[in-house]
Amino acid sequence: MTFTRSILTIAFVAVAQHALTQPVWAQAAPAPDLEAILASPKIVKTLDDIKADDERTLAEQKRITEIPAPPFKEKVRAEYYQKRMQELGFKDTSIDAEGNVIALRKGSGGGRPKLVVSAHLDTVFPEGTDVTVKEKDGALIAPGIGDDSRGLAAMLSLIKVMNENQIATVGDIQFVGTVGEEELGNLRGVKALFRDHTDIDGFISIDGLGITRVVNQATGSHRYEFTFKGLGGHSFQEFGLPSATHALGRAIAKISELQPPSDPKTTFTVGTVTGGTSVNAIAAEARMTVDMRSNSTEELLKLEARLLELVKEAVADENARWKSDKMTVEAKLIGDRPAGIVPMDSPIVQATQRTVAAVTKGPRPTFAGSSTDSNIAMSLGIPAVTIGGGGEGGNWHSRNEWYKPTNAWYGPQNALLTVLILTGLDGVTKPALQVRKAAK
């Protein structure tokens, strides 16, 4: 079996190696002080302004949705997003070498702590997909209308009201529109971000909708492309040669019998299958892609090892059936998202518990695992959460994805309060986010 690692994986290894030489944490930060923040008349006005900005934010969400951003082709949307950030006051906004849109909002604390607030620019949909927003039964329908056009629009609303109300923080805030979050993008945007910016102390991704669901656990994933190769030949005259599609079928049959644990949740699927040249030919080549996920790195690695063994066994079985050694398989790692978790007593998790209850005046958040841009921060030991942008929706990753702006302003309101707890409201509260310092 040939084993090939992708360039994207190598890039992450560089990030991980950097992390090993970096962070230990400074002294524990003070407990989140939300009451003092909410007592500020300027913050009360800013929260009201977010609600008043709801209709304009929804219009922005529609505009963003209708700018195509297929995997690895986010440039046009990135340029629009940079323009909007500049219009909202960030004249030195830049697009980095990977394609991320970055704007820095400085605080009074000399650059630390530094909190990243992000939303992803890309969608799962291929080039040529109709992204026109339609309305039906009170819902907006379009590919990517919620994921993550809502997060991008919510972040612009947050920037708008903070700048208009001259909200001063102690820590710096780095606003980022990331690339490569979806599909085979393999989190390339945030991997580059953490490689190039070594002073990040905390990370928030605005991805998803309802604010009562907070992601504090990173679901890890490994994705493979398997290529089965043989000699191929005429189905009648060359009968007796091993078949790439038969070997692939044997592998799928074996994989389908795997029984991963339900806790920690661990899953697999054979996502795509291609191969062969015609109905009357022994297939010379066949391919399949496989996705494996787990909330536990240990279980993910166990599943990966067993699945690789089964593929190897399938090739051996196909060769044995025809008394041959001509069938081979190449296994290429095409996706690597690390797992991680932020403990419940972390200031960033405590902050979300406080802010969600304050915004909704009722339900506290539930905490869950998912695969988002926050995976990289969590795997590096950097406090991170993924929070919703507001509203409700469904049919994710389909052309019938829908969105309703039900209490949509909750998203940017929740983001504002979380940011202020973590970075500190200048003259009112100290940052709850801890500052990293280099290991000695």
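Residue indices begin at 1 and follow the sequence shown.
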Is a side-chain donor or acceptor of Glu183 paired with a backbone partner of Val124 at a separation under 3.5 angstrom?
no
Thr267 side chain to Ser294 main-chain N or O, any donor-acceptor pair under 3.5 Å?
no
Just so I know, are the side chains of Gln350 and Gln353 near enough to count as touching, which here means a heavy-atom distance under 4.5 Å?
yes
Verdict with reasoning, Ser374 to Thr386, per side chain to side chain donor-acceptor pair (under 3.5 Å)
CA-CA 6 Å; Ser374 293; Thr386 297; 2.8 Å; yes
When Val214 is tested against each of Thr418, Thr366, Val342, Val385 for side-chain contact (heavy atoms from CB on, under 4.5 Å), which residue passes?
Val385
Main-chain N/O of Pro264 paired to Asn295 side chain as donor or acceptor, under 3.5 Å:
no
Answer with yes or no whether the side chains of Asp53 and Ser157 bring together a donor and an acceptor at under 3.5 Å.
yes
Using 4.0 Å as the upper bound for N to carboxylate O, is an ion pair formed by Glu66 and Lys62?
no
With distance as the sole criterion, is a donor-acceptor pair present between the side chains of Ser398 and Asn400 under 3.5 Å?
no
Nearest atoms (heavy-atom pairs only) where Ala377 meets Phe203:
CB-CB, 3.8 Å
Under the salt bridge (Lys or Arg N to Asp or Glu O under 4.0 Å) test against Lys114, which residue among Asp201, Asp172, Asp199 passes?
Asp199
Give a yes or no answer on whether the side chain of Asn100 reaches the backbone of Val179 with a donor-acceptor pair at less than 3.5 Å.
yes
Within the distance-only criterion (no hydrogens, no angle test), does the side chain of Arg77 pair as donor or acceptor with the backbone N or O of Asp122 below 3.5 angstrom?
no
Do the side chain of Asn375 and the main chain of Thr219 share a donor and acceptor less than 3.5 angstrom apart?
yes
Evaluate the side chain to side chain contact (heavy atoms under 4.5 Å, CB included) criterion for residues Asp196 and Glu98: first the C-alpha distance (whole Å), next the side-chain angles of each, then the deciding distance (0.1 Å), finally the verdict.
CA-CA 10 Å; Asp196 298 340; Glu98 197 64 48; over 6 Å; no
Decide, yes or no, whether a salt bridge links Lys75 with Glu79 under the criterion of side-chain N to carboxylate O below 4.0 Å.
yes
Do Lys430 and Asp33 have side-chain heavy atoms sitting under 4.5 Å apart?
no
Student check: side-chain heavy atoms of Phe125 and Val131 closer than 4.5 Å:
no
Would you please test Lys312 and Glu309 for salt bridge (charged side-chain N to carboxylate O under 4.0 Å, His left out) and show each step?
CA-CA 5 Å; Lys312 188 176 180 179; Glu309 286 178 5; over 6 Å; no
Would you say that more than 12 heavy atoms from the other residues, nucleotides or ligands in this model lie under 6.0 Å from the CD of Glu55, or not?
no
Okay, side chain of Lys191, backbone of Asn186: is any donor-acceptor separation there less than 3.5 Å?
yes
Note: Asp336 and Pro338 closest approach over all heavy atoms is O-CD, 3.8 Å
For a side chain to side chain donor-acceptor pair (under 3.5 Å) with Asn414, tell me which candidate from Thr355, Thr352, Thr360 qualifies.
Thr355
Arg436 and Arg112: CA distance, side-chain angles, deciding distance, side chain to side chain contact (heavy atoms under 4.5 Å, CB included) verdict:
CA-CA 9 Å; Arg436 294 193 302 157; Arg112 305 296 286 272; 3.9 Å; yes
Taking C-beta and beyond as the side chain, do Thr123 and Glu401 meet within less than 4.5 Å on heavy atoms?
no
Report yes or no: does Glu182 contribute a side-chain atom to a donor-acceptor pair with the main-chain N or O of Pro71 at less than 3.5 Å?
no
Ile206 and Ala119 have their tightest heavy-atom pair at O-CB, 3.7 Å
Is there a side-chain contact between Leu58 and Leu140 in this structure, where contact means two heavy atoms from C-beta onward sitting under 4.5 Å apart?
yes
Going by heavy atoms in the side chains, are Lys45 and Ile43 under 4.5 Å from each other?
no
Give me the ring orientation class for Tyr224 and Phe226: parallel if the planes are under 30° apart, tilted from 30 to 60°, perpendicular past 60°.
parallel
Could you walk me through whether Ile348 and Leu422 satisfy the side chain to side chain contact (heavy atoms under 4.5 Å, CB included) test, starting with their C-alpha distance in whole Å, then the side-chain angles of each, then the deciding distance to 0.1 Å, before giving a yes or no?
CA-CA 7 Å; Ile348 198 166; Leu422 295 173; 3.6 Å; yes
Okay, side chain of Gln82, backbone of Thr93: is any donor-acceptor separation there less than 3.5 Å?
yes
Taking it one step at a time, do Ile167 and Leu420 satisfy side chain to side chain contact (heavy atoms under 4.5 Å, CB included)?
CA-CA 9 Å; Ile167 302 300; Leu420 292 179; 3.8 Å; yes
Test your reading of the model: is there a side-chain donor-acceptor pair from Arg354 to the backbone of Leu417, 3.5 Å cut-off?
no
Would one find more than 12 heavy atoms of other residues, nucleotides or ligands at under 6.0 Å from atom NZ of Lys229?
no
Applying side chain to side chain donor-acceptor pair (under 3.5 Å) to Asp373 and Thr178, what does each step give before you reach the verdict?
CA-CA 8 Å; Asp373 271 341; Thr178 65; 2.6 Å; yes
Salt-bridge test for Arg63 and Glu60: reply yes if a basic N is under 4.0 Å from a carboxylate O, no otherwise.
yes
Side chains of Leu425 and Lys42, heavy atoms from C-beta outward: is any pair under 4.5 Å?
no
